[in-house]
Amino acid sequence: MLDLAYQAPKPKVISGAKADWELVIGLEVHAQVASNAKLFSGASTAFGAEPNANVAFVDAAMPGMLPVINEFCVAQAVRTGLGLKAAINLVSAFDRKNYFYPDLPQGYQISQLYHPIVGEGEVLVDMGPGIARLVRIERIHLEQDAGKSIHDMDPAMSFVDLNRTGVALMEIVSRPDIRGPEEAAAYVGKLRQIMRYLGTCDGNMQNGNLRADVNVSICRPGAYEAWLAGDKDALGTRCEIKNMNSMRFIQAAIEYEARRQIAIVEDGGTVMQETRLYDPDKGETRSMRSKEEAHDYRYFPCPDLLPLEIDQAWVDEIRASLPELPDEKKARFVTDFGLTEYDASVLTAEVEAAGYFEAVAQGRDGKTAANWVINELFGRLKKDDREIAESPVSPEQLGKIIDLITSGDISGKIAKDLFEIVYTEGGDPAEIVETRGMRQVTDMGAIEAAVDECIAANPAQVEKARQNPKLAGWFVGQVMKATGGKANPQAVNEIVAAKLGL
Ligand code: ADP
Ligand code: MG
């Protein structure tokens, strides 16, 4: 449920030539189910295979072939529904959505129009520390993906690759609760994050793992609230922008589309409900076809498949196996480790990073661990374009580096050098400190000697510092340099001040 600590942001307002307008957005997200086999066949779903290498007879719609439901894909849809706090329908059913297209050999797509497997749910979309929006999920249904037509390999012919035909998709339909381009992108990001935690969708947008049809309409301020209160006609007519697979383009397309609709309405025209395509090169949407209705597809129950009945016990079993989800993990990081909400968000963005951080923070100061993971480790990995799973520094090694700082064996500055050595060469941090003489000098006698030497060698600076105590920092810097950064900075500060009589 909506945490009262969160506050909903104001909807995006666009000023037209004549009035202010608000945006209303609803998304239909197609998420490829993470599964080795397709929804109704045993063919592989591996990405990047030779064209038509992963096609079973049923995928190619050979006569007499019958679909057989893949139980694992059903479990993945249930798991996703539970992760989105949604109702699971113990009885659902498959329908045929009829249309002709060369990459659809059956002549219909098997989908779930009337009885989807997952009902209403909700997603909390983070819009920065302390700010989030609740987006309601209307339904999730299972359906088959289509194949791919290839028009640019031959001047005279088109080819078809059926590898993707029959791959399981979850269509996640939101209510029109999204109120701006940033929220739309953040919503897709949150779905992706939750599904990656659940292991139900890889969320690789470049590979087409996650695509969104974006419905956009405009309305005058107050109309959305009137719609929420029950006025069915309060919202504007929407246009649907098909098949978006980039967060950046989703935002740009919404922005463009809203301004296009505002111009039409302010000009006295009416927005036509239609399906549009976004052209990233031109930065605009263009009409693809007028909106099709359910009856255009002559939907009917698929006669090849029995209604899908699942047991409550099986759903409970799946529920019991759910991992800790991002919102809960983030809240726990804030309370258990004393992190800021921002740091907790960064650390829980990917489940692997969260696991890494927890291993480092266990039994140590949480904030220090967070700083090291976010600033040093993430920064260093990014420089090399590496994932957390490929980190050359293990959580144990990073933990030991932090322990060496805490125990006073090394200074924070030396710790960064040590981190770089462990990152590039590996090895045990404590051993490296010993063999390379990186231990911090806390021997007061040695520091005093270095300070004396520095003061004796710079009489002019001494005079200046006595008149302006801020200049004492110069001596601290010199002594740190003379000791190779190994002197305890606090001790150097104190001794310099005492010797200069400040
Ligand atoms: P249909 O039955 O025609 O497919 P739905 O009511 O199922 O339409 O809505 C499809 C998608 O469009 C949903 O994600 C929904 O949130 C969104 N949507 C519906 N009405 C609007 C609107 N006025 N403005 C923006 N999005 C909308
Ligand atoms: Mg619909």
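First listed ligand is number 1; within each ligand, the first listed atom is number 1.
Taking every heavy atom of both residues into account, Asn54 and Ser44 meet most closely at CB-O, 3.2 Å. When every heavy atom of Gln109 is checked against every heavy atom of Leu104, the shortest pair comes out as N-CD2, 4.1 Å.
Within a 6.0 Å sphere centred on CZ of Arg298, other residues, nucleotides and ligands contribute 12 heavy atoms or fewer.
At a heavy-atom distance under 4.0 Å, no atom of Asp177 approaches ligand 1. Residue contacts with ligand 1, taken as heavy atom pairs separated by less than 4.0 Å, involve Asn215 via backbone and side-chain atoms alike.
Salt bridge status for Glu274 with Arg276: present, with a side-chain N to carboxylate O gap under 4.0 Å. With respect to Arg133 and Glu183, a salt bridge is recorded, a charged nitrogen being found less than 4.0 Å from a carboxylate O.
Near Arg175, the atoms of ligand 1 lying under 4.0 angstrom from a non-hydrogen atom of the residue are 16 (O). Below 4.0 Å from some heavy atom of Val24 lie the following atoms of ligand 1, by number and element: 24 (N), 25 (C). Counting atoms of ligand 1 from 1 in the listed order, those under 4.0 Å from a heavy atom of Leu27 are 14 (O). Remark: ligand 1 atoms within the under-4.0 Å shell around heavy atoms of Val173 are 13 (C), 14 (O). Below 4.0 Å from some heavy atom of Leu235 lie the following atoms of ligand 1, by number and element: 23 (N).
Of the candidates Arg238, Arg136, Glu28, it is Arg238 that places a heavy atom closest to atom 5 (P) of ligand 1.
For the pair Ile25 and ligand 1, the shortest N or O to N or O distance does not fall below 3.5 Å. Checking only distances, Gly236 does come within under 3.5 Å of ligand 1, N or O to N or O.
Classification of the Tyr278-Phe249 ring pair by plane angle, with boundaries at 30° and 60°, yields tilted.
Judged by the 6.0 Å distance and 45° axis criteria, Lys97 is positioned over the aromatic ring of Tyr297.
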